[in-house]
Structures are given as structure tokens and as C-alpha cells.
Amino acid sequence: MPELPEVETYVRELAPQLSGSCVQAAQIYWPRTIATPTAPIFARRILGSRFVDFSRRGKYMLLGLADGMTLIVHLRMTGKVLVKPAGSVAALHTRVVLDLDDGRHLHFHDTRKFGRIWLVGDTETVLAKLGPEPLSSDFTREDFGVRLVGRRAPIKALLLDQAILAGVGNIYADEALFLAGIDPKRLGGTLTDAEIGRLHGTVREVLLRGIELQGSSLGGSSLQNYVRPGGEPGGFQEEFQVFRRTGKPCPHCGTPIERIVLAQRSTHFCPACQS
DNA sequence: ATAAGGCCCTGACCGC
DNA sequence: TGCGGTCAGGGCCTTA
């Protein structure tokens, strides 16, 4: 599941590969992938677009175009953005292909069809509801605390709420709560100042570590024909302290990690360390 | 305003 | 081996 670190890695990889390239043709195999505008209008409007700017907001990838429009991509569960060499054919589950002016192709591959692409003039029409970027200076512990005041949802659910902060998904939420020693079931409004401070720090810590590990496992050599998918085994996976480690010993105290469901999401935690 | 549940999807997995 | 049922899960939508 791509979360903030995986999306950040994608953007960093895509920038040098796509910068300056022009879209010459578009094939849309699954129209619902295109959120805005309609698929036919998208296919026409994207023609001639030149990629000039690359950034990220939460889990959204922002590909800025020379005409001022922005191509926004959300990978959701299984989305992947792949830069393919000239002549390559679309694999099963490829939903959108943009042909580039040098013959290469930009593929959007998405097994489960949850991913979405927008082509907009004003990015705020898509991003307006997002909370602060966890890694920016806008995300202070004071601001974080204000957003939790009076909240009666479990803190795990609030970490997943993109309006509170942008970019944390199920993996990093569990990891941050473990490092902060906070029970995921605790209601947001009941956290102490000290706990809010710790969680503010561990959220940033796990995201930064995720970006580091994504980057370090790239190797820089196997990327000619694709941008590596985020969150695959071999990188951060082995670093998880609690995520998907149900029944395995807590790395701190040895107590078996438990799994519960909160906010319809599997949640992993140490019942001894997190209270 | 906030919280909770359904929905979209497909492949993996489970039990028989 | 084959088959039906269940599950995962981000964000949006609806309901309470």
C-alpha cells in the first residue's frame, strides 16, 4: 500500500525520467480511473502536455504541466506508475497509457482499480480537505494537539484521517503508535500532552525512515523501464515492529503482538507496551 | 461536526 | 484439482 514515503519515492524517481517529455497520445483502458474531467475530454486535453514539475501532497502525486495544468495521481491500494521503453505493450491491469514524444510510455497499472487520476487547473479542487504535511514545519505538535481535542474516535482512526494530517496509512499509523507507546484504541481526545508530543515525533520518524529505506533499496540500476512499486518486500517490510506481525514477539518486551480491527482497518500493537 | 458503515475491486487464501 | 466464500484496504459517500 503506497503511503507518503512510497509516493515521495515515486515522485523523486519520475522527475528525472519524465521532465521535459510531451504526451503525444493517450489510451484509457478503464475510464473510471480518470476522476476529472471525463475520460474522453481527458484524453484530448492531455495531448501536447509537457511535464515540468514534480511534487507530492499527502499520498497524491502532482505532475505539473507546462500549460499550468496538473496531472494528479493517487495510487490507492495497488496503483503503480511505470515508465516503459518504446515498443512495450500494456500488461494486464494497465488502466491508462500516455505515449511520450520520445517513444516511451507512461503506464498507470492498477490491479484493483481503486487508483484515480485528475487533470485540473487548480489542485485545490482535489487537495483542499487535506491536513498538514507531516514532514513540513506546518505540522507542529501544538497544531496536532488542537486537531485531537475532543475527538472520540480511536487515535488509530484519526491518524488515518487525511484531514488531520496527510499521508499516513495503515502501516505507518501502527508503527508510529507502537514507537510512541500508545494504545491504538485510545480516543484521540484523551491523549496527554506528552503522548501527543511523542506521537508527533514518531509519525515523522517512521515516515522519514520509510523514505530512506525506499531510496536505499532502489540501487539506481534496475530502473530503466519502470519506476519501482512502493512498499514491496525487501525494503521497509523487514523493518516493521508490529505491522503484520500478529503473534510474533514484541521487539521491546517479547509479548505477542495482537491484531484487532479499528476503523475497518487491521491494527497491530503490543498489548504490554502500548497503553 | 463527528463517527461509523458501505462501497468499489481483484487476487490470495481457506476449507471442503 | 476445483470451487465458492472471505478478506484486505484508501477515500468517498451516506447515514446516524
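Convention: sequence-line order gives letters A, B, ...; per-chain numbering from 1. A quick note: this is a predicted structure, and the numbers were derived from the prediction, not measured.
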- request: Nearest whole angstrom, please: distance from the P of B/dA3 to the NZ of A/K156.
  value: 16 Å
message: Expressed as a whole number of angstroms, how long is the span from A/M61:CE to C/dG11:P?
response: 13 Å
query: Where the side chain of A/R265 is concerned, which of B/dA3, C/dG9, B/dA4 is the nearest nucleotide?
result: C/dG9
message: Is a donor from one side chain sitting under 3.5 angstrom from an acceptor on the other, for A/D110 and A/T78?
response: yes
Under 4.0 angstrom between A/K59 side-chain N/O and C/dG10 OP1 or OP2: no
- request: Would you please name every residue forming a side-chain contact (heavy atoms from CB on, under 4.5 Å) with A/R265, sequence neighbours left out?
  value: A/K156, A/L160, A/N170
- request: Please determine, for the side chain of A/H74, which listed nucleotide (B/dA4, C/dG9, C/dG10) has the closest atom?
  value: C/dG10
- prompt: Applying the 4.5 Å side-chain criterion to the ILVMFWY set and letting contacts propagate, would A/M69 and A/V52 be lumped into a single cluster?
  reply: no
task: Let me know the distance between CE of A/M77 and P of B/dC7, rounded to the nearest Å.
output: 18 Å
query: Between the main-chain N or O of A/D193 and the side-chain N or O of A/R141, is there a donor-acceptor pair closer than 3.5 Å?
result: no
statement: Winner on side-chain proximity to A/P154, out of B/dA4, C/dG11, C/dG10, is B/dA4
message: Is there a side-chain contact between A/P37 and A/L119 in this structure, where contact means two heavy atoms from C-beta onward sitting under 4.5 Å apart?
response: yes
message: Before we go on, tell me: are the rings of A/F178 and A/H252 under 6.0 Å apart, centre to centre?
response: yes
statement: Of B/dC9, B/dA4, C/dG11, the nucleotide closest to the side chain of A/Q162 is C/dG11
- request: Could you tell me whether the side-chain ring of A/F114 sits stacked on the base of C/dG11, using a centroid cut-off under 5.5 Å and a plane angle under 30°?
  value: no
- prompt: If you look at every strand shown and take non-hydrogen atoms under 4.0 Å, does A/T78 touch a base, only sugar-phosphate, or nothing?
  reply: nothing
Any protein N or O atoms within reach of nucleotides 11-13 of chain B? Criterion: under 3.5 Å, listing atom names and distances.
unit_1 : atom_1 : unit_2 : atom_2 : d
B/dG11 : OP1    : A/H93  : NE2    : 2.8

message: Heavy-atom nearest nucleotide on DNA chain B for A/W30 versus A/A157: which residue maps closer to 5'?
response: A/A157
- request: Would you classify A/R151 as touching base, sugar-phosphate or nothing, given that sugar-phosphate means primed atoms plus P, OP1 and OP2, and contacts are heavy atoms under 4.0 Å?
  value: sugar-phosphate
- prompt: Does anything in residues 17-45 of chain A pair up under ring-ring contact (aromatic ring centres under 6.0 Å, His included), and if so which pairs, sequence neighbours excluded?
  reply: none
- request: Measure across A/K59 and A/L4 and return the closest heavy-atom pair with its distance rounded to 0.1 Å.
  value: CG-N, 4.2 Å
query: Would you say the side chain of A/F108 lies within less than 4.5 Å of the side chain of A/V81, judging by non-hydrogen atoms?
result: yes
query: Can you name the side chain to side chain donor-acceptor pair (under 3.5 Å) partners of A/R151, sequence neighbours left out?
result: none
Of A/S266 and A/V126, the one whose closest DNA chain C nucleotide lies more 5': A/S266
message: Under 4.0 Å, heavy atoms only, any strand: does A/Q264 hit a base, just the sugar-phosphate, or nothing?
response: base
message: In this structure, how many angstroms lie between the C1' atom of B/dA1 and the CG atom of A/L148, rounded?
response: 15 Å
message: Between P on C/dG10 and OH on A/Y60, what's the gap in Å once rounded to a whole number?
response: 13 Å
query: A/R152 CZ to B/dA1 C1': how many Å, rounded?
result: 12 Å
field: Minimum side-chain heavy-atom gap A/V261-A/T267 below 4.5 Å
entry: no
- prompt: Should A/E205 and A/R209 count as an ion pair when the cut-off is N to O under 4.0 Å?
  reply: no
Each nucleotide N or O in nucleotides 14-16 of chain C that has a protein N or O under 3.5 Å away: list the pair and distance.
none

query: When the distance from CD1 of A/I72 to C1' of C/dG11 is rounded to whole Å, what number comes out?
result: 15 Å
task: Measure from the ring center of A/F144 to the ring center of A/F139 and say whether it is less than 6.0 Å.
output: yes
- request: Using five pairs at either end of the helix from B/dT2-C/dA16 to B/dC16-C/dG2, determine the angle between the two local helix axes and round it to 10 degrees.
  value: 50°
statement: Between CZ of A/R76 and C1' of B/dC9 the distance, given in whole Å, is 12 Å
